[in-house]
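As the structure lists them, so they are numbered: ligands from 1, and atoms in each ligand from 1.
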Amino acid sequence: MKNILTLCFTLLLLAGCGNEPKKEKFTYKRTKTEIKPVVNSTRLVLNSNDLMMFDKNLLKGQAGKEITLTLNHTGKIAKEFMGHNFVLLKKNVDVDDFAQRAVIAKDNQYIPEGDETIAYTNMLGGGESDSITFTVDEPGSYIYICTFPGHYQIMKGEFIIE
Ligand code: CU
């Protein structure tokens with residue numbers, strides 16, 4: 001009998017221990033860490049579609065500053081029929097001459113041989129995207145086109161470097 005009482009008492013003690021208020025051992029303050037991206041490059045998005053159009057005919061960047069351009073083909077037609085690219089030409093390039101030579105450069109994604117481009121994307125089909133990063137050192141007005149056969153007269157724009 002005594003043993004049972006002792007056991008009961010012990011159990012009560014144990015239960016009592018369990019009811020002790022829990023103490024916070026550590027206090028800490030949750031701080032929000034904001035990661036701010038370092039803005040040292042201009043990001044541009046240019047869309048093209050099944051209607052053979054760019055959504056912008058004027059783009060701007062800064063001289064000597066990195067420019068990242070993403071070209072999206074928001075249409076559905078395959079690149080064999082409605083391919084689009086973005087080709088930024090150097091100053092004083094004869095656009096008509098360049099575009100005509102591009103037509104026969106199918107094996108090189110319609111980029112003719114030579115040193116007339118500053119930057120260009122891959123030729124894209126519907127649903128595809130490509131990003132390129134480049135820098136233009138000299139301020140001024142530049143021309144960009146799509147070199148897919150028959151597109152450049154409509155798919156053309158001005159790229160201003162300030
Ligand atoms: Cu095109």
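Of all heavy-atom pairs spanning H151 and C146, the tightest one is ND1-SG, 3.7 Å.
When the Cu ion (ligand 1) is compared with the N/O/S atoms of H151, atom ND1 turns out nearest.
Between L124 and K79, the closest side-chain pair of non-hydrogen atoms is not below 4.5 Å.
Here G83 contributes O and C146 contributes SG, and at the Cu ion (ligand 1) these two atoms make an angle of 100°, given to 10°. Here the angle centred on the Cu ion (ligand 1), running from SD of M155 over to ND1 of H84, is 80°, rounded to 10°.
With E116 as the partner, the salt bridge (Lys or Arg N to Asp or Glu O under 4.0 Å) test is satisfied by one option alone out of K90, K91, R101: R101.
The ring of F54 has its center no closer than 6.0 angstrom to the ring center of F86.
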